[in-house]
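Remarks on the structure that follows.
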Amino acid sequence: MIPSFYKMSLKKRIQLLYIFLVVLCISVTGICSYLFAARSIEQNALELKQGLLNKSVQVMDEHLRHIVVSSYSFMLSETFTQVMRDVRNHNTSHFYQNLSLLQTSFAQLKLVEPLIDTTYVTTPIGDFFSTKDFPNRDNGFDSEYGRIVKQQGWNTMWFGSHESGLFQSKGNVLSLLLKPIVIDNHTFSNVYMVVNMKEEAMRNILTQDLMNNQIQLFLLHKDGSEVIRPSSRNYDYITEPDFTNQYRRGNAGDFTYRNAQGEDMLVNYSALSINEDWVMVSVQSKADLLSPLQKIRWLVILIMLFCILLALGLSSLLASALLKPLNKLRRLMVEVEYNDLDVRFRSKYDDEVSSVGHRFNRMLDQIQVLFEEVRTTEQDKRRFEVKALQAQVDPHFLYNTLNTMFWKSESGEKKDVSEMIVSLSLLFRLGLNDGKDITSVEQEIKHVEQYMQLQQKCYEELFVYRIEVGAPSCYGMDILKILLQPLVENSILHGFNDKEELGVIVIRVDRHDDLLMLEVADNGCGMDVARMNAEDSVDGGRKGYALSNLHGRLSLHYGDAASIVFHSSADVGTTVVITIPIS
């Protein structure tokens with residue numbers, strides 16, 4: 001697509017870009033409107049569902065609370081109190097009489113609270129239940145609740161959907177396990193009451209306030225298990241750990257969950273006050289919620305198609321009007337290609353194209369001058385490059401290095417000779433840099449380090465060095481090659497020439513805003529800073545032409561944006577700072 005676009009004429013590109021701009025504006029407007037509307041609908045839906053969910057929680061709390069109150073009212077009845085007196089006295093002779101007396105209370109309990117399906121009271125003198133229900137003789141209270149009642153610190157305990165082992169009833173139930181209240185100032189430790197509620201009846205309470213079938217309500221444990229099983233199995237993910245971890249974070253809230261089919265679900269949750277381990281969860285498909293917005297999407301598409309057709313009709317007229325002065329300027333440029341530098345652009349308009357034409361005229365006036373300047377600059381650049389490379393292969397430096405390598409070889413110091421050969425090879429390779437003028441800070445540091453290692457072998461115990469790089473990002477920055485070596489060479493050959501104490505060379509590289517700072521500092525004998533800053537000759541000896549060559553290369557490559565400054569004190573040291581712009 002991109003190469004084909006480059007090959008198009010300017011007129012076609014203007015037409016294409018004009019159409020693209022129109023479509024882009026319409027698309028951005030339509031998409032942003034759609035997303036804003038979708039977000040608003042989603043937020044309003046979550047708030048509305050949270051309100052409905054809180055109402056459903058209140059209804060469920062009220063029913064469960066009424067079951068608890070009815071159960072305690074049952075235990076406060078005179079008949080139950082009489083049974084508890086027999087329990088306290090371990091009187092088993094009245095068991096069947098008490099069982100008969102409790103039948104009325106069991107019946108009244110079901111009348112008061114229709115959600116109650118069966119009731120079971122276990123005591124040391126026997127178990128009591130409604131004779132209309134059918135107890136399970138093979139499974140007693142101890143087998144189902146024996147381990148549970150041994151837990152400490154509870155008075156009521158709720159159980160989610162399960163099959164009751166106490167009765168031969170069909171279908172799952174929800175259960176409430178209670179300890180009896182204190183009767184006649186006596187606490188009963190082995191008396192418990194189980195109240196079972198039909199799961200289907202509890203599910204009807206859960207779903208009775210739903211406005212539509214797009215919203216599903218669930219009653220879950222905080223551990224992810226189901227208190228009431230959902231009637232539809234399309235929501236198996238509600239027991240997944242990733243789902244349950246979301247509603248464990250608090251007592252109420254909302255979140256978005258993506259199921260295994262990749263469908264986003266809007267979820268609200270709220271914990272019951274009577275039993276905070278039970279959480280009511282509301283789930284609605286985000287796609288179902290946003291289905292009315294499909295009309296808006298199609299409307300946006302139709303508007304885009306209309307605008308494309310309109311843009312196609314107007315783009316040709318627009319492009320022709322814009323390109324008329326440009327075509328005139330192009331014809332003049334064709335004449336310049338045939339070395340006719342006397343042509344000039346003239347126009348009665350004062351617009352951007354005329355401004356380009358006037359600059360085109362000034363460009364033609366300056367071409368001859370620029371030709372000469374470029375020719376001179378290239379000559380100077382090559383001269384400085386040659387001198388920079390000559391600086392690193394200075395005969396005196398090579399003589400000292402090779403002489404040192406010879407004597408170390410004669411002395412059997414083969415390790416030092418090997419290291420010097422490697423350093424000398426790396427020095428030349430890094431300096432050549434594959435013929436490129438630009439290198440990285442990291443390569444430049446390696447180059448000057450090889451040079452200093454060679455000089456340390458030639459002048460043992462003359463100096464030590466250290467390199468400090470402020471920001472790690474400095475290593476990858478591009479700079480002109482062979483900037484540090486001439487400065488280090490001056491420090492070694494001139495700074496430590498008359499020094500008796502150990503010389504120290506410190507190289508610092510750091511970044512300040514848009515400038516890269518290269519600093520070489522030594523504790524040598526110092527220098528005449530005024531003379532060095534003013535020197536502009538390349539014939540002033542080895543020391544003079546090396547620094548002058550460095551200054552010339554910086555000026556050619558970076559212009560006035562780069563600078564080299566000397567700071568020196570007699571018998572204290574010299575610091576040279578090179579500042580170059582970061583591109």
Side-chain angles (χ1 to χ4, degrees), residues 1-29 307-385 436-438 477-480 512-516 536 551-564 579-583:
M1 177 60 186
I2 296 299
S4 300
F5 180 79
Y6 291 154
K7 294 178 181 180
M8 292 181 182
S9 65
L10 181 57
K11 181 177 181 180
K12 289 185 177 180
R13 291 206 302 271
I14 291 177
Q15 289 178 297
L16 186 61
L17 291 175
Y18 175 74
I19 295 171
F20 172 76
L21 181 62
V22 172
V23 174
L24 178 64
C25 293
I26 298 299
S27 301
V28 170
T29 303
C307 291
I308 291 174
L309 295 176
L310 182 62
L312 285 172
L314 296 178
S315 59
S316 180
L317 296 176
L318 176 66
S320 299
L322 292 175
L323 292 178
K324 185 176 181 180
L326 284 177
N327 288 329
K328 178 181 179 181
L329 184 59
R330 186 176 69 87
R331 288 193 299 270
L332 294 178
M333 290 181 176
V334 171
E335 296 181 22
V336 172
E337 288 181 357
Y338 292 99
N339 298 323
D340 185 2
L341 301 181
D342 296 329
V343 298
R344 292 295 182 269
F345 177 82
R346 294 177 177 81
S347 175
K348 61 182 180 180
Y349 298 104
D350 188 13
D351 54 13
E352 290 80 359
V353 177
S354 298
S355 178
V356 172
H358 296 325
R359 284 176 172 80
F360 172 75
N361 294 339
R362 287 197 294 271
M363 178 192 68
L364 294 176
D365 295 337
Q366 296 175 2
I367 283 179
Q368 295 299 332
V369 176
L370 291 177
F371 280 161
E372 186 64 28
E373 289 181 355
V374 168
R375 189 181 298 108
T376 303
T377 300
E378 286 297 321
Q379 291 174 352
D380 291 343
K381 181 180 179 181
R382 295 306 167 198
R383 186 177 75 248
F384 283 132
E385 287 177 351
K436 300 176 183 178
D437 295 333
I438 300 300
M477 295 181 180
D478 294 333
I479 60 172
L480 198 63
H512 299 285
D513 297 329
D514 294 332
L515 297 176
L516 182 67
D536 191 30
H551 187 275
R553 289 196 299 128
L554 285 172
S555 178
L556 276 175
H557 189 80
Y558 297 105
D560 295 337
S563 64
I564 177 169
T579 303
I580 60 178
I582 299 174
S583 58

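All residue numbers refer to positions in the sequence shown, counting from 1. These figures come from a predicted structure and were not determined experimentally.
Across all their heavy atoms, Leu332 and Arg344 have their closest contact at CD1-O, 3.7 Å.
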Steps toward side chain to side chain contact (heavy atoms under 4.5 Å, CB included) verdict (Leu516, Ile479): CA-CA 9 Å; Leu516 182 67; Ile479 60 172; 3.5 Å; yes
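Going from atom CZ of Arg346 over to atom NE2 of His358 covers 10.5 Å, rounded to the nearest 0.5 Å.
The main-chain N or O of Leu480 is found under 3.5 Å from a side-chain atom of Tyr558 such that the two form a donor-acceptor pair. In terms of modelled atom types and a separation under 3.5 Å, the side chain of Ser555 and the main chain of His551 share no donor-acceptor contact.
For the pairing with Ile580, the side chain to side chain contact (heavy atoms under 4.5 Å, CB included) check across Leu554, Leu515, Ile564 returns one residue only, Leu554.
Between His512 and Thr579, the closest side-chain pair of non-hydrogen atoms is not below 4.5 Å.
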